[in-house]
**Q** 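I have a structure I would like to understand better, so I am pasting it below and will then ask my questions one at a time.
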Amino acid sequence: TDHTVAANNGVFDFAGHRSDGTPQFCLETGRLAQFLCGYHSLAELADAGHVVLSAPCVREIDACFPVIPGYTLDEY
């Protein structure tokens, strides 16, 4: 759910296209950014209660999006 940009609400595939399908997981846009940028895996976000899973797809998706170690020097 995006409380700032209503166009971001809905079901999307990984190409960013709207979908009428059933979502495999649900999360807020800020958590999606953390996942896509490699700060957290989908499993980590699910364990913390930030992702609602509808399908047993976590391992397959996490394998495609590895967590990348962040270094403070890289962020400034």
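The analysis underlying the following values was restricted to heavy atoms, covering all of them including side chains, and did not include hydrogens, waters or symmetry mates.
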**Q** Can you spot which of I61, V52, L45 makes a side chain to side chain contact (heavy atoms under 4.5 Å, CB included) with F25?
**A** I61

**Q** Identify whether F65 and V51 are in the same connected component of the hydrophobic contact network (ILVMFWY, side-chain heavy atoms under 4.5 Å).
**A** yes

**Q** Working note: H40 + F35, criterion side-chain contact (heavy atoms from CB on, under 4.5 Å); need CA distance, chi angles, decisive distance, verdict.
**A** CA-CA 5 Å; H40 294 290; F35 167 65; 5.9 Å; no

**Q** Nearest 0.5 Å, what's the CD-CG distance between E28 and N9?
**A**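 Result: 10.0 Å between the selected atoms.
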
**Q** To the nearest 0.5 angstrom, please state how far the CG atom of L42 sits from the SG atom of C64.
**A**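 Rounded to the nearest 0.5 Å, the CG-SG separation comes out at 11.5 Å.
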
**Q** Show the nearest heavy-atom pair for residues L53 and A46, with the distance to one decimal.
**A**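 L53 and A46 have their closest heavy atoms at CD1-CB, 4.0 Å.
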
**Q** Which atoms form the tightest heavy-atom contact between V67 and E44, and what is the distance?
**A**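 Shortest heavy-atom separation between V67 and E44 comes out as CG2-OE1, 4.1 Å.
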
**Q** If you measure from CG on L32 to NE2 on H50, what distance do you get to the nearest 0.5 Å?
**A**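 Separation between the atoms: 14.0 Å.
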
**Q** Determine whether more than 12 heavy atoms belonging to other residues, nucleotides or ligands lie under 6.0 Å from atom CZ of R59.
**A**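 Open.
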
**Q** Identify, with sequence neighbours excluded, every residue that meets side chain to side chain contact (heavy atoms under 4.5 Å, CB included) alongside A43.
**A**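 Side chain to side chain contact (heavy atoms under 4.5 Å, CB included) list for A43, sorted by chain: S41, V58, D62.
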
**Q** Linking I/L/V/M/F/W/Y whenever any side-chain heavy atoms sit under 4.5 Å apart, do L27 and L36 land together?
**A**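 They do share one cluster, since a chain of ILVMFWY contacts under 4.5 Å joins L27 to L36.
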
